Amino acid sequence: MDIVVTGGAGFIGSHLCARLLELGHRVTCVDNLAVGSEENIADIANYPQFRFLRHDVTQPLELQTQAVFHLASRASPPAYLYYPLETAPANSLGTYMLLEMAQRSQAKFLMASTSEIYGDPLEHPQREEYWGNVNSIGIRSCYDESKRFAESLTMTYVRHKGVDARIVRIFNCYGPRCDDGRVVPNFVGQAVRGEPITVHGDGEHTRSLCYVSDMVDGLIAAMFTENTKGGVFNLGNPEEHTMLELAQIVKDICRSSSPIVHIPSISEDDPKRRCPDISRARCVLGWEPKVGLTEGLEETIAWFRKRSK
Ligand code: UDP
C-alpha cells in the first residue's frame with residue numbers, strides 16, 4: 001500500500017515507517033522536523049520505497065494515498081509547554097487538513113490521540129468509555145484539549161463524510177530515539193551520565209510504560225484490523241509504576257551511582273495516576289504488549305550508551 005505517516009521523523013513515527021517498509025509498503029514520511037530529525041530516519045532514507053517530505057501539517061496537503069497515520073505533534077510536556085502555539089494548531093488544524101486529504105483519497109485514517117485526553121483521571125484504570133477530567137484552560141490544555149478536538153473532528157468525519165478513521169490513545173511510550181524531556185529518557189540519560197536522577201515531587205505519581213515496538217504493532221493492528229472504522233482504542237502497557245520506583249529500576253539496571261533527588265514538578269495538573277485498560281485492544285485487535293519493562297529499558301539504555309560514545 002501507499003501509506004503516509006505524519007510525524008514520521010519523530011520518535012514513534014520513525015519506528016512505524018521502518019516497520020511499514022519491512023512489511024513491503026511504500027511510505028511517505030511527512031514531517032516539518034520541529035521535533036523529528038533526519039537522524040531518526042537515516043537508516044531508511046535510501047530505501048526506494050521511502051520518501052521524505054518536509055511539510056507542516058497545518059498547511060494543505062495533496063497526496064494520493066491509501067492510509068494516513070497522523071502522528072505529527074509535540075508530545076512531551078516540556079516540548080508542548082514551551083511551544084503551545086505550534087502544538088494546538090498541529091492537532092486541530094493539522095488533523096483537519098489530513099482528514100480532508102484522507103477523504104479526497106478515500107484513504108484509511110488513524111488519529112494518534114493520547115492518554116492526556118483523560119486529564120487527571122478520576123477513574124482507574126482508564127477505559128475508553130471514560131470522558132476524562134481535563135482543565136480546559138490549564139497550561140497542558142494546548143495539548144490535551146487539542147487532542148480532544150482532534151478526536152471530535154475525526155469522529156465527525158467518520159459520521160458525516162464516511163471517512164474510514166479510527167482513534168488510538170497512546171499511553172506513555174519509550175524506547176530508542178526518545179530523548180525529549182520525558183521521564184524515561186531523563187532518568188536513563190541521568191543514570192548513564194552519573195548525574196542526579198530528578199524525581200518530580202514525592203515521586204508517588206504513576207505511569208504505565210509501553211515499549212515502542214509494542215506500540216508500533218498496536219498502531220498497525222488498529223489501522224488494518226477489519227471493522228475498526230469509528231473505533232477508539234487505548235494502546236499502552238498496563239503495568240503501573242510510581243516514578244520513584246522507576247527511578248530505582250533505571251538506576252539498578254544501569255548500575256549507576258546517581259543519587260535520586262526530588263525537585264518541584266515543571267507542570268501543574270500533572271496526572272497523579274495513569275494506567276490503560278486495554279481489554280478492547282486485546283479483544284478487537286488481538287494486540288497486547290510483549291516487551292517487559294526491564295527488557296525495554298535495557299534496549300533504551302543501550303541506545304543511550306551507544307549515542308553518547
Ligand atoms: N517526571 C519526573 N522527572 C523527570 C521527568 C518527569 O519525575 O525528569 C515525572 C512527571 O512529573 C510525571 C511523570 O514523570 O509525573 C511522567 O512525565 P512525562 O514527562 O514522561 O510525561 P506525561 O506522562 O506527564 O505526559
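All ligand and atom numbering here is 1-based and tracks the order in the structure. This chain uses plain numbering: 1 for the first residue, then up along the sequence. It should be emphasised that the depicted structure is a prediction, and the values quoted were computed from it without experimental measurement.
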Hey, does Tyr80 come in under 3.5 Å of ligand 1, counting only N/O atoms on both sides? no

So, does Arg273 sit close enough to ligand 1 that a heavy atom of it is under 4.0 Å from the ligand? no

Consider every N or O of Val183 and every N or O of ligand 1, then say whether any pair is closer than 3.5 Å. yes

Are any of the side-chain nitrogens in Arg280 or Glu129 under 4.0 Å away from the carboxylate oxygens of its partner? yes

Atom indices of ligand 1, in the order listed, that fall short of 4.0 Å to a heavy atom of Pro77: 19 (O), 21 (O), 22 (P), 24 (O), 25 (O)

Answer yes or no: is there an ion pair linking Asp180 with Arg74, defined by an N-O contact shorter than 4.0 Å? no

Between Glu116 and Arg274, is there a side-chain N and carboxylate O pair less than 4.0 Å apart? yes

Taking only heavy atoms of Thr198 into account, list the atoms of ligand 1 that are under 4.0 Å away from them. 2 (C), 3 (N), 4 (C), 7 (O), 8 (O)

Select one of side chain, backbone, both or neither to describe which atoms of Arg182 lie under 4.0 Å from any atom of ligand 1, heavy atoms only. both

Can you see whether Tyr143 has Arg140 sitting over its ring - NZ or CZ less than 6.0 Å from the centre and within 45° of the normal? no

Given that the side chain starts at C-beta and the backbone is N, CA, C, O, which of these parts of His200 lies under 4.0 Å from ligand 1, counting heavy atoms, or is it both or neither? both

Just so I know, are the side chains of Val57 and Leu61 near enough to count as touching, which here means a heavy-atom distance under 4.5 Å? no

For atom 8 (O) of ligand 1, state which one of Val199, Val184, Asn186 supplies the nearest heavy atom. Asn186

Would you say Gln190 contacts ligand 1, with heavy atoms under 4.0 Å as the rule? no

Heavy atom to atom 24 (O) of ligand 1, shortest distance: which of Met243, Arg140, Arg274 holds it? Arg140

Audit row: Asn91, Ser146, side chain to side chain donor-acceptor pair (under 3.5 Å) steps and yes/no: CA-CA 5 Å; Asn91 291 319; Ser146 64; 3.0 Å; yes

Quickly, which of Val216, Leu293, Thr300 forms a side-chain contact (heavy atoms from CB on, under 4.5 Å) with Tyr211? Name it, please. Thr300

Just by modelled atom types, is the Ile263 backbone N or O under 3.5 Å from a matching donor or acceptor in the Thr198 side chain? no

Nearest-neighbour protein heavy atom for atom 16 (C) of ligand 1, which is reported as residue plus atom name and distance: Arg207 NE, 3.5 Å

Is Lys272 in contact with ligand 1, taking contact as a heavy-atom separation below 4.0 Å? no

Regarding Asp164 and Tyr157, do their side chains bring together a donor and an acceptor under 3.5 Å, going by distance alone? no

Specify the protein heavy atom at minimum distance from atom 25 (O) of ligand 1: its residue, its atom name, and the distance to 0.1 Å. Glu116 OE2, 3.2 Å

Between His262 and ligand 1, find which residue part has any heavy-atom pair under 4.0 Å and reply side chain, backbone, both or neither. neither

Mind checking whether Ser76 has a heavy atom under 4.0 Å from ligand 1? no

Return the closest protein heavy atom for atom 15 (O) of ligand 1 as residue, atom name and distance. Asp270 OD2, 2.9 Å

Tell me yes or no: between the side chains of Asn133 and Asp120, is some donor less than 3.5 Å from an acceptor? no

